[in-house]
Number of protein chains: 2
Amino acid sequence: MPDNDKSHIVGVDLGGTKILAGVFTPQLKCLGSQKMTTKAERGADAVIERIERCVRDAVDECDLSLKNIRGLGIGSPGSVDAESGKVIFAGNLGWKDVPLRKELEKRLDVPVFVGNDCKNCMLGVHEVEFGGKPRDMVGIFLGTGIGGGLVFDGKLYTGHNGVAGELGHMVIDAGGPKCTCGNRGCFEALASRTAIFRRIKDAVKEGEKTVLVDMLGPDLADMRSGDLRKALKRGDKLVGKIIEDAAHYTGVAVANLVNILNPELVVIGGGVVEQLADEMMPVIEKTAKDGAFPGATRDLEIRASKLGDDAGITGGAVLVTQRQK
Amino acid sequence: MPDNDKSHIVGVDLGGTKILAGVFTPQLKCLGSQKMTTKAERGADAVIERIERCVRDAVDECDLSLKNIRGLGIGSPGSVDAESGKVIFAGNLGWKDVPLRKELEKRLDVPVFVGNDCKNCMLGVHEVEFGGKPRDMVGIFLGTGIGGGLVFDGKLYTGHNGVAGELGHMVIDAGGPKCTCGNRGCFEALASRTAIFRRIKDAVKEGEKTVLVDMLGPDLADMRSGDLRKALKRGDKLVGKIIEDAAHYTGVAVANLVNILNPELVVIGGGVVEQLADEMMPVIEKTAKDGAFPGATRDLEIRASKLGDDAGITGGAVLVTQRQK
């Protein structure tokens with residue numbers, strides 16, 4: 001690729017546990033991606049150095065140089081000031097007022113655009129997976145936590161302070177388990193990967209049987225969503241019940257959102273659903289359609305996102321195309 | 001008023017128990033209103049005849065004639081087809097496919113516009129009470145049931161099938177009391193007038209004391225929201241506790257909506273709050289602000305609507321100005 005072709009785009013998804021960087025063509029086709037652990041405990045400077053390295057590796061893997069990159073879009077957890085490109089606060093990174101845009105532009109010498117991780121996922125799903133077509137759409141991303149994104153009248157809706165879409169902290173079981181946010185019975189405390197893992201560990205402590213103990217040892221170290229899929233394939237009843245419950249609560253949350261917002265499309269994404277779509281989606285769809293009003297479910301589609309973990313980097317690339325217009 | 005002045009507007013709020021008709025100036029000032037019971041059990045024709053009578057009485061009370069009316073906007077419960085002016089389905093009226101617009105235009109000889117009751121309330125609150133200023137706003141109307149309205153980017157948001165805003169059927173206590181919709185723990189089953197009255201009656205049956213029994217007799221016949229206010233003024237502990245619980249659940253619902261939608265303004269309206277704003281609003285506000293994320297509550301205002309029962313007729317008048325542009 002000649003140095004004067006500056007048409008490619010980099011999308012980065014910065015998470016609490018890993019950094020993912022992808023390289024995209026002008027048509028937003030992903031040419032390749034690179035993954036690295038975040039190591040947030042080493043501090044913001046070290047994390048930014050790792051983002052730089054991850055981006056350089058991804059670009060090099062695609063036989064390109066940074067000179068071929070027109071811009072980089074990155075999604076960060078927490079609250080972000082889109083104008084200045086600062087991460088104002090991100091609890092799971094331990095960040096406060098980190099000038100992410102400035103630091104990355106200094107290191108990589110490409111224009112950088114900073115967004116929120118879940119909103120970037122929503123941009124990726126809406127613009128690339130569904131071609132920008134749905135007018136009214138809700139995205140739910142089930143991972144370590146639960147986040148979301150909203151599209152109204154064809155545009156990403158961000159609310160008065162830019163923080164709309166905190167679907168994970170919708171209380172759906174007022175007397176339910178304690179959430180990290182301080183409330184009880186949040187959707188996230190009932191159906192995130194963290195909630196699922198906690199329920200499995202609690203059950204094992206209480207003497208219940210699961211093949212996960214044979215697979216991972218008695219303290220279930222390094223459990224991942226993929227392990228749950230393996231356990232389900234082996235007919236594990238405990239994991240089956242807990243996944244069904246999580247899918248049920250997700251269905252209740254979807255019904256609430258459908259009654260409130262009457263979207264035409266609800267997309268469920270994130271690592272949990274990427275691994276467990278076959279088991280979870282039928283339960284989610286039935287619970288949601290039984291729970292919501294017929295007037296709101298008449299033409300409703302509920303779909304699992306096919307972008308999986310690539311939603312964030314795809315949305316990062318979309319962010320560049322939108323901001324550099 | 002001369003016959004050739006055709007500048008005034010009629011707004012009608014059609015409810016399950018009463019019909020309210022108001023007459024408005026071109027500047028949307030209410031000149032007067034008239035109330036009549038609905039008597040839905042007599043059938044759609046009889047109800048439409050009562051709407052006609054209520055409108056004629058309201059216009060006459062204001063020393064006007066129907067010749068001075070440029071249009072009539074009416075809000076009906078249930079689902080409505082705005083184009084044809086048909087009420088497609090309204091459970092609490094027992095209506096299915098009632099051509100409300102056609103019938104009223106035949107009887108009154110003025111242009112008629114039909115909307116949904118809660119959406120009309122929202123139009124009234126947004127356009128008249130708050131001068132159309134809030135860009136992102138949620139309205140919650142606590143009455144016999146609970147309904148809502150949404151304004152995004154300055155416009156009423158109605159969703160893909162025009163039925164967005166069913167806030168009353170957001171599940172907030174998954175194991176909670178049964179709702180008329182078939183689900184458990186809906187906001188409406190916890191905080192509507194119906195839910196409050198049911199809890200009071202259940203408590204009395206179980207032998208708890210309340211001054212309402214002295215006021216209304218042992219079966220608490222014809223209890224109204226105003227009776228609750230009187231009981232509270234007399235220091236009634238049972239009513240105090242039940243109203244506090246309803247306010248708490250309303251606060252949980254507001255926190256959910258604030259986390260999801262990040263509005264700048266949440267307005268609480270309807271008959272229950274009109275009577276009990278002093279008792280309920282501080283609990284609602286504290287629960288909502290404690291429960292929602294700081295990023296979403298930074299500039300958030302939570303207000304009781306001052307329009308009370310007039311929200312629906314005011315919104316009916318707004319509907320005319322919007323559709324007759």
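What's counted below: heavy atoms across the whole structure, side chains too, no hydrogens, waters or symmetry copies. Here is the naming used below: chain letters follow the sequence lines, and residue numbers restart at 1 for every chain.
- Interface remark: B:Val163 contributes backbone and side-chain atoms alike to the contact with chain A (heavy atom separation under 4.5 Å).
- Rounded to the nearest 0.5 Å, atoms CG (A:Asn256) and CG (B:Asn256) are 7.5 Å apart.
- Taking B:Glu264, B:Arg135, B:Arg298 one by one and counting their heavy-atom pairs under 4.5 Å with chain A, the maximum is reached by B:Glu264.
- Of the listed residues (A:Asn183, A:Asp173, A:Leu300), the greatest number of heavy-atom pairs within a distance under 4.5 Å of chain B belongs to A:Asp173.
- One finds the CD1 atom of B:Ile260 at 10.5 Å from the CD atom of A:Glu166 (value rounded to the nearest 0.5 Å).
- Distance CD/B:Glu301 to NE2/A:His160: 9.5 Å, rounded to 0.5 Å.
- Between B:Asn161 and A:Asp299, some side-chain heavy-atom pair lies under the 4.5 Å cut-off.
- The candidate with the highest count of non-hydrogen atom pairs below 4.5 Å against chain B, out of A:Val171, A:Asp136, A:Asn262, A:Leu261, is A:Asn262.
- When the candidates A:Ile88, A:Asn259, A:Asp290 are compared by the number of heavy-atom contacts under 4.5 Å with chain B, A:Asn259 comes out ahead.
- Contact annotation for B:Leu257: only side-chain heavy atoms (C-beta onward) come within less than 4.5 Å of a heavy atom of chain A.
- Contact of A:Leu150 with chain B is made through the side chain alone, with heavy-atom distances under 4.5 Å.
- Ring geometry for A:Phe293 versus B:His169: interplanar angle over 60°, hence perpendicular rather than tilted (30 to 60°).
- Annotation: maximal heavy-atom pairing with chain A below 4.5 Å, among B:Pro134, B:Gly176, B:Gly159, B:Gly182, occurs at B:Gly159.
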